[in-house]
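Here's the structure we're looking at; comments come further down.
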Protein chains: 2
Amino acid sequence: MYSVSITVTHTSMSSHKAPKEDELRFAVLASDTVAFRLHNNGLEVLLIKVENPVFKNMEGLPGGLIKPTETAEQAAVRHLTLKGGLSGGYLEQLYTFSDVDRDTRGRVVSVAHIALFEPDEARLEGREAQVVGRWCPVNSVPKKLAYDHDIILKTALARLRARIEYTTIVRHLLPKEFTLTELQIAYESVLGHELDKRNFRKKILGLELVAETGRTRTQGASRPAALYKFARPGVQTIEIL
Amino acid sequence: MYSVSITVTHTSMSSHKAPKEDELRFAVLASDTVAFRLHNNGLEVLLIKVENPVFKNMEGLPGGLIKPTETAEQAAVRHLTLKGGLSGGYLEQLYTFSDVDRDTRGRVVSVAHIALFEPDEARLEGREAQVVGRWCPVNSVPKKLAYDHDIILKTALARLRARIEYTTIVRHLLPKEFTLTELQIAYESVLGHELDKRNFRKKILGLELVAETGRTRTQGASRPAALYKFARPGVQTIEIL
DNA sequence: ACAAAAGTGTTTCATATACACCCATGA
DNA sequence: TCATGGGTGTATATGAAACACTTTTGT
């Protein structure tokens with residue numbers, strides 16, 4: 001079924017003598033995902049119990065093998081469903097980690113992704129799946145994670161913080177309808193610092209990224225907040241020059 | 001030698017029944033590189049003759065297999081040396097292309113990179129290597145390239161254009177010492193539009209990205225130009241917010 | 001009436017843009 | 001002296017940052 005005929009005529013495959021298939025197919029392909037959600041006004045990552053005895057009692061990122069019949073992205077989705085009962089969510093490729101010794105058990109190349117979940121999507125409900133993970137505030141993540149998952153997480157955080165500044169990815173951390181305060185808290189949670197309310201609103205509204213839904217939400221004993229939605233579908237890039 | 005023991009206890013590898021090693025190592029890992037240089041005030045890409053008969057008479061990107069003992073980056077460097085006699089250069093990971101059918105001969109997952117060469121480094125000199133490539137102006141690239149290399153090139157160009165705006169990657173397309181006019185032409189070539197000379201210089205000097213070397217260069221019958229170098233080593237990110 | 005969160009404007013400062021002429025050199 | 005590319009400044013407009021009070025609701 002996945003026994004494919006590899007001949008060595010491709011520019012991407014030329015070599016002086018034709019290698020045997022064993023030499024070509026030497027690595028295991030994996031997919032590890034850094035899943036984020038917002039909770040209690042903070043950014044959280046999904047951590048998973050690791051069973052490899054080398055990393056006894058350590059946690060790591062959810063992930064798993066890529067199958068012959070699926071892309072790296074499809075594998076990421078599948079493993080999130082399997083490990084966390086997570087469905088939906090937004091996925092974006094992060095980086096491919098190919099260090100020769102990154103896995104203790106042999107050559108494993110990992111295509112890492114970032115996943116973002118809206119609050120409703122982010123419940124860990126293992127129905128048919130065994131749920132072995134927990135959401136952990138990014139500031140409380142154990143210093144050491146299994147494998148090179150520290151590095152993957154660090155890379156993911158840097159990327160998320162960079163991209164939230166010039167894209168509308170933040171939308172995938174929020175429900176369809178949200179208040180401007182919720183949007184501001186989302187930015188603050190990811191960036192790790194506070195923003196001025198008036199300037200924030202001026203900027204967001206000025207860019208016409210969001211539109212009023214006309215609906216409002218009342219939260220306890222206070223003035224009702226207008227509900228907004230993102231004006232255009234998908235993640236858009238904000239022109240900076 | 002590359003017979004590694006893969007057991008299925010990793011969080012990244014759990015599955016209901018343990019697959020055999022053959023099933024785990026099903027894909028060929030490749031590395032394709034989009035190599036850029038500046039030449040005649042324009043941006044050029046390195047294209048290579050493709051030997052796969054499915055893509056008869058088509059060109060593609062330089063690339064090749066990743067070996068069991070090297071990272072994706074090391075493979076990229078090795079193949080650039082092999083195919084183009086190119087050494088040195090700056091390399092940055094672009095994206096991993098894992099579509100199941102992207103290669104006609106079976107499952108090949110490609111970790112693509114962007115490579116930037118300074119004018120001196122960018123000569124195609126096949127010494128021990130067979131040189132089968134040519135530098136092609138980005139605007140004259142054939143509409144159809146082999147495999148999914150159109151998409152890889154498009155992705156690379158978008159990334160390069162984005163990153164030149166908020167980093168100092170452009171340094172790797174220029175010699176160590178350069179005039180401000182050369183720097184401006186580099187930006188214009190990559191971005192594809194002209195810039196105002198006075199505003200450009202004000203901005204570059206204001207950011208203190210470059211420093212005068214004290215040396216000058218005389219070009220024909222005109223005033224000598226001051227030579228600059230980048231002030232700090234490596235690619236730095238320019239704060240935009 | 002009060003507590004709690006929503007909403008709103010102005011001033012100041014820095015950066016972006018538009019634009020045209022003089023300078024140093026080799027031929 | 002002329003042709004060639006190098007180098008410079010100012011005025012205007014736009015966006016960023018700092019900053020505090022009023023509004024609407026539930027209790």
Side-chain angles (χ1 to χ4, degrees), chain A residues 38 40-42 119 161-162 164-168 174-175 177-189 191-229 237-241, chain B residues 38 40-42 119 164-168 174-175 177-189 191-229 237-241:
Chain A
L38 291 174
N40 294 142
N41 298 351
R161 288 189 174 131
I164 203 176
E165 302 245 22
Y166 62 92
T167 68
T168 56
L174 289 171
E177 296 197 345
F178 49 86
T179 67
L180 289 185
T181 301
E182 287 170 335
L183 182 60
Q184 182 176 344
I185 290 170
Y187 273 92
E188 291 173 338
S189 303
L191 292 175
H193 60 84
E194 302 205 330
L195 300 170
D196 178 86
K197 182 161 59 154
R198 281 167 294 185
N199 293 338
F200 177 78
R201 292 160 105 97
K202 222 182 305 170
K203 181 156 185 177
I204 295 293
L205 296 173
L207 290 168
E208 295 184 323
L209 297 179
V210 298
E212 281 194 78
T213 62
R215 297 165 27 84
T216 60
R217 182 197 300 153
T218 306
Q219 171 79 309
S222 87
R223 177 170 172 173
L227 288 168
Y228 288 79
K229 63 183 177 201
T237 300
I238 300 155
E239 293 299 323
I240 54 172
L241 301 179
Chain B
L38 291 175
N40 294 142
N41 298 351
I164 203 176
E165 302 245 22
Y166 63 92
T167 69
T168 56
L174 289 170
E177 296 197 343
F178 49 85
T179 67
L180 290 185
T181 301
E182 288 171 334
L183 182 60
Q184 183 176 343
I185 291 170
Y187 273 92
E188 290 174 338
S189 302
L191 293 174
H193 61 84
E194 301 203 330
L195 300 169
D196 178 85
K197 182 162 60 156
R198 280 168 295 187
N199 293 338
F200 176 79
R201 291 160 105 98
K202 222 183 302 169
K203 181 155 185 179
I204 295 293
L205 296 173
L207 290 169
E208 295 184 322
L209 298 178
V210 298
E212 282 195 76
T213 62
R215 296 166 26 85
T216 60
R217 182 198 300 154
T218 305
Q219 170 80 311
S222 88
R223 178 170 171 175
L227 289 168
Y228 288 79
K229 62 183 177 201
T237 300
I238 301 155
E239 293 298 324
I240 54 172
L241 301 178

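Quantities reported herein were computed from a predicted structural model and do not represent experimental measurements. Per chain, numbering begins at 1; letters A, B, ... match sequence-line order.
At the phosphate of D:dG6, OP1 or OP2 sits under 4.0 Å from a side-chain N or O atom of B:T181. Contact annotation: B:R198 side-chain N/O to C:dA18 OP1/OP2 distance is not under 4.0 Å.
The B:S222 side chain lies nearest to D:dT4 when the options are D:dG9, D:dT8, D:dT4. Relative to the side chain of B:K202, the nucleotides C:dT25, C:dG7, C:dA18 differ in distance, and C:dA18 lies closest. Taking every side-chain heavy atom of B:P224 into account, C:dA24 is the closest of C:dA6, C:dA24, D:dG9. Nearest nucleotide to the side chain of A:N199, out of C:dG9, C:dA6, C:dA27: C:dG9.
Residues A:A221 and A:K197 each lie close to DNA chain D; by heavy-atom proximity, the contact nearer the 5' end of the strand is made by A:K197.
When the C1' atom of C:dG7 is taken as reference, atom CZ of A:R217 falls 16 Å away, rounded to whole Å. Between A:L195 atom CG and D:dA17 atom P the separation is 10 Å, expressed in whole Å. Rounded to whole angstrom, the span from the NZ atom of A:K203 across to the P atom of D:dA17 amounts to 7 Å. The distance from atom CZ of B:R201 to atom P of C:dA16 is 17 Å, rounded to the nearest whole Å. As a whole-Å value, the separation of A:F200 CZ from D:dA16 P is 13 Å. B:E212 places its CD atom 11 Å from the C1' atom of D:dG7, with the value rounded to the nearest Å. Atom pair B:Q219:CD and D:dA3:P shows a separation of 19 Å (rounding to whole Å applied). Atom CG in A:D196 sits roughly 17 Å away from atom P in C:dT11 (whole-Å rounding).
With hydrogens and angles ignored, the 3.5 Å screen pairs a side-chain donor or acceptor of B:Q184 with a backbone N or O of B:L195. With hydrogens and angles disregarded, no donor-acceptor distance shorter than 3.5 Å links the side chain of A:T167 to the backbone of A:T237.
Other residues, nucleotides and ligands contribute more than 12 heavy atoms inside 6.0 Å of the CZ atom of A:R161. More than 12 non-hydrogen atoms from other residues, nucleotides or ligands lie less than 6.0 angstrom from CD of A:E177.
Aromatic ring pairs are classed by plane angle as parallel below 30°, tilted from 30° to 60° and perpendicular above 60°; the pair B:Y187 and B:F200 is perpendicular.
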